[in-house]
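Here's the structure, in structure tokens; my notes come after.
Per chain, numbering begins at 1; letters A, B, ... match sequence-line order.
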Number of protein chains: 2
Amino acid sequence: MRTGPVRPLRRRLRSRTCRVGCGSQEVNDEPNVAPATAARVWDAVRALDYHIDLQAGSLRRTDGRTRTLGLLVGSVDNPFSGVIHRVIEEVSLRREVAVFASSLDDDPEREERAVAAFLRRRVDGLILTTAQRRPGYLGAIEGRGIPVVYIDREPAAVGVDAVASDNRGGADAATTHLIARGHRRIALLADRLEIQSAQARRDGFLDAMGRAGIPTSLATIVTELHDEAAARAALTDLLESHDPPTAVFSGQNLITVGALHALRAHGLQHTVALVGFDDVPLADLVDPGVTVVAQDPHEIGRVAVERMFARLEGDASPPRHLLIPTTLIARGSGEIPPPA
Amino acid sequence: MRTGPVRPLRRRLRSRTCRVGCGSQEVNDEPNVAPATAARVWDAVRALDYHIDLQAGSLRRTDGRTRTLGLLVGSVDNPFSGVIHRVIEEVSLRREVAVFASSLDDDPEREERAVAAFLRRRVDGLILTTAQRRPGYLGAIEGRGIPVVYIDREPAAVGVDAVASDNRGGADAATTHLIARGHRRIALLADRLEIQSAQARRDGFLDAMGRAGIPTSLATIVTELHDEAAARAALTDLLESHDPPTAVFSGQNLITVGALHALRAHGLQHTVALVGFDDVPLADLVDPGVTVVAQDPHEIGRVAVERMFARLEGDASPPRHLLIPTTLIARGSGEIPPPA
DNA sequence: GTGAAAGCGCTAACAG
DNA sequence: CTGTTAGCGCTTTCAC
């Protein structure tokens with residue numbers, strides 16, 4: 001039987017069990033327990049390999065907390081998401097909070113389903129990446145008093161916490177870096193503009209181009225690039241056009257990899273400049289090294305999870321959007337000058 | 001109030017609520033409900049944005065299931081783990097099962113804590129990577145009737161399901177590949193031998209060397225390499241020794257990256273051959289391309305999660321260790337011949 | 001078809 | 001300090 005060995009313990013020891021030893025290994029620091037009683041309970045706990053049922057407890061507990069968090073990331077197999085997940089796990093572990101992780105896949109329907117699944121499991125809080133500008137479930141969640149912290153993308157909804165990269169500023173810096181090397185005919189390879197961060201990066205690109213006084217006719221913007229293959233195909237088209245760009249700004253790590261393949265296939269990796277948004281592994285080992293605007297996913301995760309626990313501990317300060325700075329890492333590809 | 005809007009619904013509709021509409025969006029296919037009653041309940045459900053409490057339900061449900069799985073991977077920010085996690089999530093999603101994910105970090109104490117945390121949350125099953133040859137908690141779990149499937153590493157314990165790469169065979173193939181190019185002085189850079197998969201790869205390396213009749217004096221084996229920095233330092237030492245290897249077999253993806261850095265720093269990337277175990281991103285874009293023995297984490301995850309659900313559905317066939325084949329991908333670095 | 005009642009394992013409140 | 005009791009939201013069973 002599944003819960004076989006558990007019931008007898010309770011039968012005999014009743015509430016004593018949980019007043020004494022329940023949490024992890026240590027004694028529940030419940031005061032006013034006689035050493036003899038504690039020992040008796042502990043013997044039983046060990047003899048039966050008793051593990052308290054946290055779920056049952058949350059049902060009756062005053063705060064109703066399940067010591068559980070729902071995390072929705074772009075995809076659990078994306079390295080950017082992985083780093084965020086890891087730091088959230090680490091901070092949660094210290095507080096004996098477990099985390100449910102799900103992948104968004106930039107699918108609003110999947111997002112709704114994931115949030116509903118979290119809610120049915122009574123998570124204490126939600127750390128979410130959203131595919132929507134104005135998530136529809138927000139009202140329902142707020143009414144329930146469950147804190148939400150958005151990561152990676154800032155929803156348009158007012159009054160929610162969000163932690164994201166300074167996408168606009170980072171894209172501006174990347175573009176400015178290329179302009180400073182003398183480029184004017186610069187192509188932006190962007191993800192779907194539905195995605196808030198993709199749009200912010202596009203805006204940053206336009207900021208820099210405008211500030212430099214470069215006419216929009218020189219800026220080629222390709223959007224709706226969601227995977228490596230699409231990016232590769234798009235850049236291949238541009239390179240084979242009658243008036244190819246002298247520099248490329250790729251708006252996302254998969255796009256960067258696709259762009260690298262396209263440049264390599266045309267033997268142009270030392271001719272056409274490239275700056276990518278978000279770092280890619282082994283970027284320093286390819287030739288030339290890939291210049292990127294690196295994000296700081298560890299910091300995004302850390303700030304988000306700390307905000308979450310602050311909210312859970314009663315912080316009622318006004319919700320804020322926190323922007324984590326990006327860092328331009330020059331490795332070679334972004335320093336290639338335009339042809340003389 | 002947290003559960004504020006939920007109680008009134010129950011107060012009025014009692015058990016009707018859950019006989020009619022609870023699961024996800026669809027009507028619980030409970031038969032024998034009058035359309036009028038169902039409509040009444042559905043109105044209330046929608047009006048209150050009611051979400052059933054799955055946890056509370058599992059408490060009373062006959063099978064006691066929480067529709068929850070515990071997943072312990074090497075680290076949620078490791079790409080190999082990420083792919084496994086993703087396919088497990090995908091299959092679980094279809095069955096409306098949520099997954100708790102944790103990172104092992106090759107720390108036995110962390111492993112014990114993670115398993116205990118899963119148990120306290122009454123997960124239905126455990127998919128585990130282990131840092132131990134003989135996990136101590138196994139007896140306790142078996143008594144509870146919770147299925148366990150090990151991934152990535154095979155514990156020595158008998159009678160448990162496990163799904164892992166054919167580590168020994170893959171390492172043999174990698175080493176044989178180097179020997180076939182004429183190498184005899186081959187270095188193995190290995191992880192901690194405590195880790196079962198690292199040991200299996202070492203055994204495969206020795207299999208191939210032995211079969212080729214290469215004296216062990218020509219095989220340099222460095223073990224206990226757990227991160228990129230250690231691997232880089234170890235290979236640097238070897239390259240600067242009086243009798244450096246002509247080829248390197250790196251036993252793990254972080255070691256491969258460390259080895260690439262060491263070779264590059266010595267300008268030997270076109271001189272010393274390298275084959276890595278486990279694929280690395282952008283391996284085809286560095287020069288030379290990195291020859292690897294690729295694992296199939298997607299298949300490992302798929303087989304593991306399918307075995308898990310089979311067990312949960314009552315499959316009582318004898319536990320098995322399933323080995324997923326590896327694939328040698330020749331990209332250049334492994335085809336460099338020894339100096340004439 | 002529908003409603004009422006018991007009880008899952010726990011915590012909270014209170015009586016001894 | 002210790003034991004008892006009620007009840008969290010649900011599923012199960014049984015009476016209507």
Side-chain angles (χ1 to χ4, degrees), chain A residues 1-23 27-42 44-45 48-68 96 119-124 144, chain B residues 1-23 27-42 44-45 48-68 96 119-124 144:
Chain A
M1 204 210 310
R2 202 169 145 284
T3 46
V6 176
R7 256 179 31 218
L9 180 77
R10 283 200 66 263
R11 283 264 166 78
R12 296 211 196 132
L13 302 177
R14 307 275 177 124
S15 53
R16 236 63 218 132
T17 311
C18 289
R19 285 206 203 147
V20 181
C22 283
V27 172
N28 245 355
D29 36 314
E30 185 82 21
N32 307 336
V33 180
T37 318
R40 186 168 56 96
V41 172
W42 271 112
V45 164
L48 298 167
D49 192 49
Y50 172 80
H51 291 263
I52 196 177
D53 187 332
L54 247 36
Q55 326 248 40
S58 72
L59 210 53
R60 194 66 178 81
R61 217 185 334 264
T62 319
D63 62 11
R65 296 269 166 86
T66 54
R67 308 194 71 71
T68 271
E96 309 234 50
L119 257 25
R120 286 200 293 267
R121 293 197 164 81
R122 296 295 186 268
V123 296
D124 297 335
R144 233 159 287 242
Chain B
M1 203 212 308
R2 200 170 148 284
T3 46
V6 175
R7 254 177 33 216
L9 180 75
R10 283 202 66 262
R11 281 265 167 78
R12 295 209 197 135
L13 302 176
R14 306 279 176 120
S15 53
R16 234 67 216 131
T17 312
C18 289
R19 283 204 205 146
V20 179
C22 284
V27 173
N28 246 353
D29 37 315
E30 185 84 20
N32 306 336
V33 180
T37 318
R40 185 169 54 99
V41 172
W42 271 113
V45 164
L48 299 168
D49 191 50
Y50 172 80
H51 290 264
I52 195 175
D53 187 332
L54 247 35
Q55 326 248 40
S58 71
L59 210 54
R60 193 65 176 81
R61 218 185 334 264
T62 319
D63 63 11
R65 295 269 166 85
T66 53
R67 308 194 72 72
T68 272
E96 310 233 49
L119 257 24
R120 285 200 293 268
R121 292 195 167 80
R122 296 297 186 269
V123 297
D124 297 335
R144 234 159 286 240

TODO: Identify, between B/Leu59 and A/Ser58, the residue whose nearest nucleotide on DNA chain C lies closer to the 5' end.
DONE: B/Leu59
Open item on the list: Distance check needed: C/dC8 P versus B/Leu54 CG, whole Å only.
Closed with: 20 Å
Task: Distance test, side-chain N/O of B/Arg61 to OP1/OP2 of D/dT11, below 4.0 Å - done: yes
TODO: Counting heavy atoms from C-beta on, name the nucleotide in C/dC8, D/dT12, C/dC10 closest to the side chain of A/Ile52.
DONE: C/dC10
- [ ] Would you name the heavy atoms of A/Asp124 and A/Gly64 that are closest together and state the gap between them?
- [x] OD1-O, 4.5 Å
TODO: Please map the stems of DNA chain C, keeping only stretches of three or more Watson-Crick or G-U wobble pairs with both distances under 3.5 angstrom.
DONE: C:1-14 with D:3-16
- [ ] Figure out the CZ/C1' separation between A/Arg120 and D/dT11, and round it to whole Å.
- [x] 17 Å
Task: Spacing of OG belonging to A/Ser58 relative to CZ belonging to A/Arg65, to within rounding of 0.5 Å - done: 11.5 Å
TODO: List in chain and number order the residues that pass salt bridge (Lys or Arg N to Asp or Glu O under 4.0 Å) with B/Arg61, two or more places apart in sequence or in another chain; answer none if no residue qualifies.
DONE: B/Asp63
- [ ] Could you check how far CG of B/Asp53 sits from P of C/dC8, rounded to whole Å?
- [x] 18 Å
TODO: Find the distance A/Arg60:CZ to C/dA13:C1' and express it as a whole number of Å.
DONE: 9 Å
Task: Atom pair CZ/CG of A/Arg120 and B/Asp53 - distance to nearest 0.5 Å - done: 11.5 Å
Task: Nearest-Å distance for atom pair CZ/C1', residues A/Arg65 and C/dC10 - done: 18 Å
Open item on the list: Which heavy atom of B/Ala56 sits nearest to which heavy atom of A/Leu59, and what is that distance?
Closed with: CB-CD1, 3.6 Å
Open item on the list: Among C/dC8, D/dT12, D/dC8, which nucleotide has an atom closest to any side-chain atom of B/Thr62?
Closed with: D/dT12
Task: Minimum heavy-atom distance B/Thr68-A/Arg121, with the two atoms named - done: OG1-NE, 3.8 Å
